[in-house]
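So the structure is just underneath, and the comments pick up after that.
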There are 2 protein chains.
Amino acid sequence: MRSEDIAKLAGVSRSTVSRVINNYSNVPEKTREKVMKIVEEYHYEPNTSARILAGKSTNTIGLFVISTTEKHNPNRIYQNNYFAPFVDALVDTANAMGYYVLIHTIYSEDDFIKVKQAFQQKRIDGGIIVGTENNMAMARVIADLEVPFVLIDYDIAELLENRLDRNNLAVINSKDYEGAAKAVEHLISLGHRDIAFISGRQNTYSGKQRYQAYMTTMQDHGLKVIEKHVLSGDFLRAKAEQEVKKMLLCDAATWPSAIFSANDEMALGAMDACKGLGVLIPEQLSLIGFDDIPVAAQLNPNLSSVSLPIYEMSQKAALILVEMCEKGSASFSTISFPTQLMIRETTRELNASL
Amino acid sequence: MRSEDIAKLAGVSRSTVSRVINNYSNVPEKTREKVMKIVEEYHYEPNTSARILAGKSTNTIGLFVISTTEKHNPNRIYQNNYFAPFVDALVDTANAMGYYVLIHTIYSEDDFIKVKQAFQQKRIDGGIIVGTENNMAMARVIADLEVPFVLIDYDIAELLENRLDRNNLAVINSKDYEGAAKAVEHLISLGHRDIAFISGRQNTYSGKQRYQAYMTTMQDHGLKVIEKHVLSGDFLRAKAEQEVKKMLLCDAATWPSAIFSANDEMALGAMDACKGLGVLIPEQLSLIGFDDIPVAAQLNPNLSSVSLPIYEMSQKAALILVEMCEKGSASFSTISFPTQLMIRETTRELNASL
DNA sequence: TTGAAAGCGCTAACAC
DNA sequence: GTGTTAGCGCTTTCAA
């Protein structure tokens with residue numbers, strides 16, 4: 001069924017059918033009804049390719065999940081607790097606005113060409129980049145495309161430095177610095193002074209922010225950061241377990257009284273290490289993570305953490321993107337979502353009576 | 001940059017460019033190189049819409065997530081432990097074969113038209129349905145489309161009954177019956193005779209299979225199913241907690257010695273109920289779930305469960321679908337993946353000395 | 001208010 | 001081997 005068939009059946013021309021389909025104002029109600037009746041009767045659906053070729057938009061947005069380090073990880077990005085709710089809200093919000101979502105995973109710099117291709121092939125109107133790297137080279141490629149794009153978890157300052165505050169670009173972040181500072185301050189308020197830190201990957205924006213927040217907050221409160229208590233992690237469980245174990249194998253007198261882990265995954269690793277060595281949480285060691293993954297509230301003891309409004313962030317990403325696609329609102333914008341401290345059972349007052 | 005521009009620069013015609021792009025055999029190596037040089041130099045990408053309009057396939061598959069009951073659930077499908085790894089493997093596998101994935105959520109029967117539209121609008125070559133309902137009406141609509149489609153977790157017998165074993169259709173299941181039987185038999189082998197069951201939604205294939213497996217296995221072993229010990233659940237945590245609590249509020253002498261829960265989510269609810277009433281697992285009550293969600297192995301005590309090869313199922317779905325799209329291999333096929341019993345800490349021998 | 005006709009960029013049958 | 005040309009189905013100027 002083509003528009004021409006509909007036209008014939010309705011006794012009008014293809015142009016009129018097109019006008020009706022596209023809700024043009026200059027077609028009388030009577031003609032519109034006549035055409036719509038046939039359209040509905042035959043369940044006519046215009047051919048998307050033909051429409052796009054004739055200059056219409058695709059009504060499709062691309063979601064590109066950058067995951068250059070995780071291809072061979074057991075801890076795949078789709079299974080991680082950031083991506084699942086993210087895609088949920090994104091697809092939902094986009095669908096509700098009449099948009100389709102094209103999803104693609106990027107595992108290497110070479111794969112990155114897929115983003116460009118999706119545009120050049122006219123498959124999508126705009127795109128969203130969510131991933132773990134704060135990669136300025138990629139951002140530049142995106143910016144040079146000069147199409148609507150939303151960047152998630154990118155360093156705004158660095159973007160500005162590189163003059164990438166281009167139109168059609170939006171950045172959506174969470175306030176990781178603030179969240180991490182709250183976590184450290186929570187520990188300090190409980191009387192902890194020797195607080196260890198398990199860092200995340202430093203090539204990510206959130207990894208850096210959480211690290212800096214830890215360092216600065218400690219300093220601001222006049223607390224000494226003990227070099228051996230700053231453990232180098234990679235956001236994954238296994239390495240964190242090793243590092244914590246190594247630290248706890250030293251003389252117990254040198255142990256920190258609390259650990260702030262840059263994410264929950266690594267906090268689980270810390271718990272593994274403690275369990276293995278018979279160290280009690282929170283009796284001997286307080287522990288707080290970041291991300292507030294669903295497991296956090298289900299563990300025994302429940303893990304204290306900092307939660308991120310991922311769902312809202314993703315929803316906002318879809319909204320902003322569609323707006324940019326439709327209105328061509330050509331301004332650079334950024335938005336940073338607040339975090340929330342979730343105090344549970346793994347953090348307690350230093351030397352609390354048992 | 002259009003094919004015509006490339007043609008001019010390379011000193012050939014548009015047809016030749018097209019032949020090179022589409023890897024036709026009847027173009028000499030020399031010409032091919034000449035054209036490719038220009039193509040690469042200018043990063044030329046053919047316009048997808050034009051190609052599709054001219055009769056090429058879209059190289060895109062649709063993933064439709066049916067979720068008619070879960071729109072307002074806190075336990076959204078994208079966050080559930082079935083969907084996340086499913087989309088992971090699917091996108092990965094499809095991308096690796098050069099396919100894009102268009103994703104759409106269907107929240108109601110009305111939304112279902114989106115599946116049809118995606119095809120009629122020529123957005124996708126084939127589709128995959130994953131969801132929670134074993135809905136024959138939907139299956140019929142799909143079958144009538146006569147395009148490549150993969151159905152996940154559908155009742156093959158019912159499909160056959162309805163003569164929906166059409167070409168271009170494939171069904172991918174897990175052996176839920178077998179898995180559930182293994183779970184019940186495991187409890188029986190531990191000496192349990194009064195085994196309670198928390199059922200899942202009966203409008204799902206897996207819900208039904210797990211229920212039937214429980215009933216039949218009990219019967220096969222000459223064990224009596226006590227009506228009050230067959231709890232009616234909905235696959236969600238809250239209701240399961242209520243039901244288990246209600247059961248445990250009766251005289252302790254009437255308690256079952258073990259519970260088989262149709263999924264882990266509800267097993268968590270059962271654990272909540274026990275915790276609330278001070279009932280010890282596994283000392284007083286053995287418990288086994290289904291799905292082997294990641295949390296299962298992280299709880300204290302670790303939850304025994306039955307694991308499903310979701311990743312492999314999804315991978316297979318992508319492979320079969322692409323094969324159907326490309327080869328037009330027009331046969332009805334089904335494949336059922338085996339399950340695996342994961343014995344952990346929540347199941348123990350009846351009256352084991354403590 | 002409506003229709004005719006010229007594209008949009010590509011593929012493929014046909015002719016050379 | 002390679003070029004010419006006629007579509008694919010739609011939108012949108014332009015004219016009437």
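All chains are named by letter (A, B, ...) in the order of the sequence lines, taking the proteins before the strands, and each is independently numbered beginning at 1. Only a predicted model underlies this, so the values are computations on that prediction, with no experimental measurement involved.
- D155(A) places no side-chain N or O within donor-acceptor distance of the main-chain N or O of L159(A), the cut-off being under 3.5 Å.
- Within the 3.5 Å criterion, the main-chain N or O of R123(B) finds no donor-acceptor partner in the side chain of T48(A).
- Phosphate contact (OP1/OP2 of dG3(D), side-chain N/O of T16(B), threshold under 4.0 Å): present.
- Whole-Å rounding puts the I6(B) CD1 to dC10(C) P distance at 9 Å.
- If you take CD of Q120(A) and C1' of dG9(C), they are 15 Å apart, rounded to a whole angstrom.
- The backbone N or O of T16(B) lies less than 3.5 Å from no partner atom in the side chain of Y24(B), so there is not a single donor-acceptor pair.
- The side chain of L53(A) lies closest to dG9(C) when the candidates are dT2(D), dG9(C), dT5(D).
- When distances run from any side-chain atom of R19(A) to the nucleotides dC10(C), dT11(C), dG3(C), the shortest one goes to dG3(C).
- One atom, CZ of R2(A), and another, C1' of dC10(D), lie 11 Å apart when rounded to the nearest Å.
- For an aromatic pair to be called close, the ring centres must be under 6.0 Å apart, and F119(B) with F149(B) satisfies this.
- Within the nucleic acid shown, N26(A) comes within 4.0 Å of at least one base atom, counting heavy atoms only.
- Residue Y24(A) places at least one side-chain N or O under 4.0 Å from the OP1 or OP2 atom of dT12(D).
- Scanning atom types as modelled, one donor and one acceptor separated by under 3.5 angstrom connect the side chain of S15(A) and the base of dA4(C).
- In this structure, N22(B) places its CG atom 15 Å from C1' of dA13(C), rounding to the nearest Å.
- Note on V12(A): only backbone sugar-phosphate atoms sit closer than 4.0 angstrom, heavy atoms only; bases stay farther off.
- Checking dA12(C), dG7(C), dG1(D) against every side-chain atom of A54(A), the shortest atom distance belongs to dG7(C).
- Nucleotide dG1(D) holds its P atom 16 Å from the CD atom of E33(B), rounded to whole Å.
- In this structure, N47(A) does not reach the dC8(D) phosphate: none of its side-chain N or O atoms is under 4.0 Å from OP1 or OP2.
- For the residue pair S336(B) and N173(B), no side-chain donor N or O sits within less than 3.5 Å of a side-chain acceptor on the partner.
- Heavy atoms of T31(B) sit under 4.0 angstrom from primed sugar atoms or phosphate atoms, though from no base atom.
- If you measure from atom CZ of R14(B) to atom P of dT4(D), you get 10 Å, rounded to the nearest angstrom.
- At the heavy-atom level, S3(A) lies under 4.0 Å from the strands shown only through sugar-phosphate atoms.
- Close to dC10(C), at under 4.0 Å from its OP1 or OP2, lies a side-chain N or O of Y44(B).
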